[in-house]
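Treat the numbers as computed from the prediction; the structure is a model and nothing was measured. Below, read A as the first sequence line, B as the second, and so on, with proteins coming before strands; counting in each chain starts at 1.
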Amino acid sequence: MAPPQPTPGPSQVAADFTAYYLQRATHEFAEDLDRVRAAADFKHDALAVLVHALQQGTALFAPAEQRRIVTATAAKGRQAVSG
Amino acid sequence: MGKRFSHGPDGGIGARKRQKVVHEAPTSEEITANRQLQQLLSFTQDPVRARHGLQSFKVFLDELLSPDSKDGDRLRILTSYLEAARPAEDNEHAVYLPDLMQIWSHGGQVGNDNIMSAVPVVLALLLKLLSQSLDTVRYGLGICRTLLQKRQQELIARNLSADKGKAFIISPTLRMLKEAISFDGGAIARPLFRARASMFKSLARNMGIVHIGDEAEDIRRPSARTNAVLFFLSALKFLQPEAKKELLSQRDIVAALTRDIKQDPAYLVRELLDGLRSHVLLDDKLPRDAKSSLLNTSTLTRLSALYQYRLDTPAENQPSIADLAHNVLMAACTNPACGVLRQDAGFYPREIDPNAAIPTAELEDLGLEAIVWMNKFKMEVSVRNYTLANFLPNLRPWSSVRQSELLTSIFKVAPELVANYFLTNKSFTFEPKLSATWIGYAAFLFNTVTLPLPDHFCRAPSFPELPPPTSIVIDSILPLPLNQKALARSLAHKSNMISFFATRILVVAIEKLDVAIKMHHDPSHSNKTVWAEAGRRLVDEFCQRSPGIKEMINAYRSIPEGDILHREAASRLLRLCYEVLPQVALMAKFDVSALLETSLRRLSAQELDDPRDFALSLKELENLLAIAGYSPGMRWFAVSEGLSLSPFTMLLKVCVDAPHGVALETIREVLNFVALEQQLVPAHDGHPGLLVLLEALQAYVRLSSSDSSTQIWAFLDNCLTRCANAPVKYIEKMQETKQEGGQDLAAAVVSPIVVAMLEQLPFIATKEGEQATIKALGRFLPKFLGLSATAGESRPLLELMFSRMVAHLADSKGKLAKSGVPRGLSFTYNPLSPTAETRAGGTKDPVGSKGGAKVSTAMDPEILEDTLHVPDGLEADNSGLVKWSTKTVDELVDEGYVSSLVALLASEHASIRKEALVNILKAAAKIKQSEYEEKEQVWLLLSELAETARDKINDEPLPSPIVSFAVHALHVVRDPTSSLYPKVNAFLTRGPCWIVDRLPLVDEILLEEPAVGDTYYTQTSWLLGYLIDGLRTPHDLELFHKKRARGPLFERILALAANPYMRLPLRTQVLRLLYRATGIEGGSTTLTTRFGIVNWLEAREAGCADPSEAALYGGLRGRIWATCDQDRVRSWSKGGLGS
């Protein structure tokens, strides 16, 4: 039997959720992002600004909600193991 | 200070101008002996010899200072020389290196620039060398003290103020001074500063002598500016706080320090930032005002220019200059100890007194208008932090994350600046455009909106007497660039990302608004009415800046189905609208069913591979379910075209199919709530409600292949829909079965669903091609019935029903019949706690109430008053008689001037009523002649009112319900989009005057179809609103309990509250009406003796699972008893009450 997976700590949950959020956002707005990158004012720190802008939406999700979403993966993994 | 013509003290301008400076390289020789050194440095008037000696000494020192020098001989030569040249007496008049000083002095006398330069060169090197060893420090100190003597001071001053072009003199002098001030840990820093007239002469000017040329400044040949800045930084490091304060008060030096910082070499900028940070910002002993004289607006602005510093090539692991500048600015601007930030009073601007004493009568009379400054800050806000206010516009928050962070961090510590910033920076708009700048700006605005509201709005431990100016509060919730037009265009933009960004900003804005509203209604306010009015005004202002709910709904509908992140945000926004701004949200005809079905279909079809996507989609579903809970038109059991199952069964299926680990509590609660309301499951204490079915389904699905598990859904949906559509039928059927089963089953209970299944099973059994379903049911039903028994349903009755089911199940070998309903099944997937928790979760409104405080007893009278008391909306304001005449027609109608005239018809003074009538007629005429869009309807309403009032008001006031109806109807007729528009107009066209003892529109609203969409509850809410305002006097009360064809009004209102689909807000309105009645003489007694209100309240309380709502009923009961004629009630109830 596989050992139980440790519960991720708050900072790990936040990091995982931010990564997931960015992945979703870049997937959903791929076309728009390409167009922004081609815009005339896209220079210097614009990339950092863009990433910051996308990921600040994580603030909409309370820590418990974030945990609920990112741990859904872990649960599927366990299910596969036990099933 | 003149720059171009500034010259040294000697020499005529004309002569000097033409003189060409020729740098002849001096000769030198290697020094090998002490005596040779003495000879080389002995005084001579011959400049060539002098320079030869100095140059030889320089080369000698350079070699000693080179990092790989281990030349003990040279050091011995130097020490012997210094020992020999040491004065006999070591006091402050003693002259060290007398020959060298004499050469310098003579060079000065004859104006020999080369010597004037060469002496400080060697002295700087020598001091640097001597500071490296303890043995040689004493010589160094001697030399430093010698420099402080008058003759040397003059020479230094002269060198420092040399012609601007003679950096070769100025630079070494500054280097020498830097070595001197930092020598031996700043041993002579204090006396050196005392001689600042010489030592710091022309420092500001010298800071301006920058490196000129295309290539970067060579680190080995620093410019005069670099040397000057380094000297200044050493001074900051070694001076005592008092001296440092004096130095920092030199405005020209402070201004010159950062003027050219953008062009400075990277190492200098690093030193400068580090110096400012360590020796100014973080120096606790340095007084605040000294720091603020350095950190003025222009210094901050220049430092902020370093965000774009381009000469930087940081080494690995080294922070960039932009980072360093950011750290310095963050510390400077957000730490009050750094001298820039001043303590503000949050949303209360400078100059105003939030605790100003305003007479209560005035506050009650005029409301917010009594506060003179309330509307003063719409165009301009006076602030305490003027340095920061002037600095902030120089930042470009849209172009860099750090600048945005700095700005929002400043907003956080000085909330007064938010409104000020956007009022003074109107040039930048939020007009949507898919560009990096727009996104940067949107991100900055998002961060600004996310900032918390200051404690009690004023950063103090308690609320002040008066509310803050509404314009300032709203500017921090939706800053000025976020206006209705820009936001609506962003929501509707063809780029999904722009719409997404606008949605997110609105989400955080409404969340913040919610907090602000709650703060306005805090029970601790002493002027509750004024605060409440400010709260209402805040909501109005928000609605004017925010796009309408329709725009939000359209934006949501246009999101592609796969964009779950975007959909989640949009559904969250709508949900918040329903929760925080229900009056706005309910205006829209929004049928959530279609969106809910889309979401359910996606989730049940298991199109999402990633479980995280599933969990995120579930969030959207939860939001939609919450919205469905608020909108009464949700059809849970209607199968639409696109779906094979009803939304309820679909939701059940989503729950059953959800991946492990996905939290489903909310959805389970919603399912259970609907099941109880539709009487699908027994509603008695101890029964876990729908969890039994859910558990059985989960257990069944886990053990079946995916194909076979799909079989039972259609059957189940059919049973659930039938059960929901005709609950009574199945309850009766259950009674029949019980009677057939015998007497001992009289009190037995099973789920109506089981009865429906039993009824439907024969049909499916005889249907072609349903063998697989029958087989599947053969596995599912025993489990379900077994769990029902575990949950406390009657086992004998279940056994009886099962025995009838078995006849239709494929049970050829009689196995099922033999084993019967299984025993001892336990719940694995759902927590079975038949006591409080499950029941409370089941019966309370799962989405409407967010878990209010658990109160088991009656509510405290004060809290009860807060919750149920509604201020008198028809209170007489006699000034209304004059105020209206100067207003435009728009203002008359829209800003309530006509309403206040109308309200005066209920005044107790006949003269006022007559005066009001005349004025109403005048106002009606004025409106009719105007260009006002709805002038006809408004005129008709006012004219009919006047006609109705004409004969009545001579003897007594017009009944309040009539007056209140007119006031409320006025809001309807001026808004053709109102759902009541048709009904009110139909009422007005019925006849020229109204019957005063009949309350208008009661039947039309309570009994007739709503006429406009799904607006029954909206209209009911309007009706209750006008009735509450219209219940003020004992005479009004009579109208409420008068016998009528369809029963007294009170009776009908009480019956209304029993409607199980009515939500808490409407139920509370009913309670408010009752509360109003208790405040009228005889009100509570009438309610008790004529309407049995005490029993009614007890019954409501008993049937209510939400403890906070139950407490409300209990509290109201207490209030009724406290305000009734207790003797009479006691005798009426024959002692049943009050004993």
* Structure fact -> Cut-off 4.5 Å, heavy atoms of chain A, and the answer for B/Gln308 is neither

* For A/Phe42, what residues pass the ring-ring contact (aromatic ring centres under 6.0 Å, His included) criterion, not counting sequence neighbours? -> none

* Asked: With only heavy atoms counted, which part of B/Arg567 is less than 4.5 Å from chain A, the side chain, the backbone, both or neither?
  -> neither

* Minimum-distance pair of heavy atoms, taken over all atoms of B/Thr503 and B/His566 -> OG1-NE2, 4.3 Å

* To do: Go through the atoms of A/Glu65 and report whether side chain, backbone, both or neither lie under 4.5 Å from a heavy atom of chain B.
  => side chain

* Structure fact -> Okay, B/Val401 and chain A: the region with an atom under 4.5 Å from a heavy atom over there is both

* Structure fact -> One option among A/Leu47, A/Asp45, A/Leu60, A/Leu50 has the most heavy-atom pairs under 4.5 Å with chain B, and it is A/Leu60

* Evaluate side chain to side chain contact (heavy atoms under 4.5 Å, CB included) for B/Phe411 paired with B/Asn447, printing each intermediate quantity in order. => CA-CA 10 Å; B/Phe411 284 163; B/Asn447 285 336; over 6 Å; no

* A/Ala40 versus chain B, the contacting section by heavy-atom distance below 4.5 Å -> neither

* Structure fact -> Under 4.5 Å to a heavy atom of chain A? For B/Ser495 that would be both

* How far apart are the closest heavy atoms of B/Leu311 and B/Lys262, and which atoms are they? -> CD1-O, 4.2 Å

* To do: Answer yes if the side chains of B/Asn496 and B/Ser499 hold a donor-acceptor pair under 3.5 Å, and no otherwise.
  => no

